[in-house]
**Q** 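Handing you a structure now.
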Amino acid sequence: MQRRTFMKAGSGIASAAALATATASGAQPSSGATRPDQRLAQKYRFNDPNMDLFFMAAMSWGPTGGLDIGQVHYIASTIKDGDADSWVQAFASYGDLQNAQADTCKQRGWKQAAGEARLKAFASYRSSWQFAAPGERFASLYAKHKAAFATAMSELEFPASFFVTPYQGKGLPGVYLQNPVKDAPLVLVIGGADTCFEDLFLTVGRNLLGRGYSVALVDLPGQGITQASGLYWETEAEKPVAAVLDVLVQRYGARPGRIALLGLSLGGYFVARAAGHETRVATVMASTPFPDPSDLFAQSVRHAMASGGTPTEAALRSYQASLWKAGAKSPEEFIARTAGMKADASLVTVPFLSILGAGDSPVFAAQAKAWHRDIRSTRKSFVLLDAATGADGHVQVNNRLRLAQECCGWLGEIFAG
């Protein structure tokens, strides 16, 4: 079931772990033992743990407009386990099919059906590039996903305003969705190592919008495709977060004290850093809090050195992507560039919600529990979701609705006074 701990006054690192695994000894961890980078407690379809995770991610987007169960299972039936190219081709082809269906619906005047098919095309293209190597193929699929998402927002008449935050002479892309509820609080959502701002709409953004909140979704350095412009994961993540908040306040009228911050996976590190520096947010939420990513990388290296086997192409592609996002050219440089990624619990006094899936990595679990214990917030909550909730996976990948419910329940209490 669920265990919750309260204290009141008076919560995508995935491929980074695969990087450490693949680069340490060229080995794929054995599936029988608990790995430092574990994200699911059970196998759902694929033996390759990377593919199985993103198979579940594709499934989890169905209720908010992504591919439906039958569609994801059909696509999966055409994929060879561990074969990155078969994954890329299967999802990309299905994206083309959904795009064509959307065009047909539009020609017949079926506007909503067109938007629904277009959103599924986006979800297909998004899944396709997960195992595409950095380069032309990745960029091509990414461009298709961006076009499909923007068109779907228009066809479905979502109140979506796209924006770019100036940062280091470049830009951080995002989208702002204005809730029609007057004076609705704003939730700024930041994803992890394997996300883009558009997929956050399906992960949690649409549910937040439907529950009475305005929503901002954004890519920080090293997320989405920002690494192609020379922006990489940052140790001082509070700086790009502050830049995004500046835009939201100045352009969209977001009010300090009526803003919440939600971080997912590696985003749990980014928001943990911001929680110790940013004064404009009323609360911070993380699934999971991740104050020391470097510890996971180091443990994954040690685990890989003790393991045997050969990495799948999917694992190797994940490794390549992680190097790219960190701005590193070698495993050694990757470890060095991420070694300073640490958040200080003693700086945090803002109300904080920590969410942990019981099937997640023991490293994530240990860090989340220590973070909850050590932060100085006088109002904080720790939520542990076990297998019976169906939400025990990493970032509740097997039950996204529960993630939204926990966040919105907490937000309702915070903003109620």
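Please read these numbers as outputs of a predicted model, since none were measured by experiment.
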**Q** Would you say the side chains of E136 and S140 form a donor-acceptor pair under 3.5 Å?
**A**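 No, S140 and E136 have no side-chain donor paired with an acceptor closer than 3.5 Å.
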
**Q** Quiz question: by atom type and distance under 3.5 Å, do the side chains of D48 and T312 form a donor-acceptor pair?
**A**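 Distance-only check passes for D48 and T312.
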
**Q** Looking at K146 and E198, does any basic side-chain N land under 4.0 Å from a carboxylate oxygen?
**A**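 Looking at K146 and E198, the cut-off is met.
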
**Q** Taking T64 for its side chain and L202 for its backbone only, find out whether a donor-acceptor pair lies under 3.5 Å.
**A**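 Pair found, side chain donor or acceptor close to backbone of L202.
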
**Q** Would you say the side chain of L188 lies within less than 4.5 Å of the side chain of L245, judging by non-hydrogen atoms?
**A**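 Heavy-atom side-chain distance check passes, below 4.5 Å.
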
**Q** Please check: side-chain N/O of Y176 versus main-chain N/O of F163, any donor-acceptor pairing under 3.5 Å?
**A**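 Checking the backbone N and O of F163 against the side chain of Y176, no donor-acceptor pair under 3.5 Å is found.
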
**Q** Under the 3.5 angstrom rule, does the side chain of D219 hit a backbone N or O of F197 as a donor-acceptor pair?
**A**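 Looks like yes, one N/O pair under 3.5 Å.
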
**Q** Without hydrogens or angle criteria, can the side chains of R118 and N99 be said to hold a donor-acceptor pair below 3.5 Å?
**A**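 Yes, because at least one side-chain N or O of R118 sits under 3.5 Å from a partner of the opposite role on N99.
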
**Q** Are the side chains of P221 and Y232 in contact, using a 4.5 Å heavy-atom criterion?
**A**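 Not in contact.
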
**Q** Please determine if R373 forms a cation-pi arrangement with W371, meaning its NZ or CZ atom is less than 6.0 Å from the six-membered ring centre and no more than 45° off the ring axis.
**A**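 Relative to the ring axis of W371, which defines the angle, R373 lies outside at least one limit.
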
**Q** Taking NZ, NE, NH1 and NH2 as the nitrogens, is one of them in E116 or K120 under 4.0 Å from a carboxylate oxygen of the other?
**A**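 The answer is no: the pair does not qualify as a salt bridge.
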
**Q** Answer yes or no: are there more than 12 heavy-atom neighbours, outside K342 itself, under 6.0 Å from its atom NZ?
**A**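 Enclosed.
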
**Q** Would you mind checking if R317 and D85 are paired as a salt bridge, meaning a charged N to carboxylate O distance below 4.0 Å?
**A**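 A salt bridge links D85 with R317.
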
**Q** Heavy-atom count around Y74 OH within 6.0 Å, excluding the residue itself: above 12?
**A**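 No, because the 6.0 Å sphere around OH of Y74 holds 12 heavy atoms or fewer from other groups.
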
**Q** Could R45 and D81 be called an ion pair, given the rule that one side-chain N must be under 4.0 Å from one carboxylate O?
**A**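 No, this pair does not count.
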
**Q** For side-chain contact (heavy atoms from CB on, under 4.5 Å), just list the numbers for S265 and F290, CA-CA rounded to whole Å, side-chain angles, deciding distance to a tenth of an Å, and then say yes or no.
**A** CA-CA 7 Å; S265 194; F290 193 30; over 6 Å; no

**Q** Once the angle between the rings of F201 and F149 is folded into 0 to 90°, is it parallel (under 30°), tilted (30 to 60°) or perpendicular (over 60°)?
**A**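 Plane angle over 60°, so perpendicular.
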
**Q** Using 30° and 60° as the class boundaries, would you call the ring planes of H73 and F55 parallel, tilted or perpendicular?
**A**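 The rings of H73 and F55 stand perpendicular, inter-plane angle above 60°.
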
**Q** Evaluate the ring planes of Y142 and H145, with Trp represented by its six-membered ring, and classify them as parallel (under 30°), tilted (30 to 60°) or perpendicular (over 60°).
**A**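 Taking H145 first and then Y142, their aromatic rings sit tilted (interplane angle of 30° to 60°).
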
**Q** Taking atom types as modelled, is there a side-chain donor on W61 or T203 under 3.5 Å from an acceptor on the other?
**A**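 Side-chain D/A pair, W61 to T203: present.
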
**Q** Could you tell me whether the side chain of V218 reaches within less than 4.5 Å of the side chain of P240, counting heavy atoms only?
**A**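 Contact flag for P240/V218 side chains = no.
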
**Q** Are D360 and R39 within salt-bridge range, i.e. N to O under 4.0 Å?
**A**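 Between R39 and D360 there is no salt bridge, as every charged N stays at least 4.0 Å from the carboxylate O atoms.
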
**Q** May I ask you to say whether D246 pairs ionically with R280, meaning some side-chain N is under 4.0 Å from a carboxylate O?
**A**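 Salt bridge between D246 and R280, a charged N being under 4.0 Å from a carboxylate O: yes.
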
**Q** Would you mind reporting whether L231 and L172 have side-chain heavy atoms less than 4.5 Å apart?
**A**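 In short, these two side chains touch, coming nearer than 4.5 Å.
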
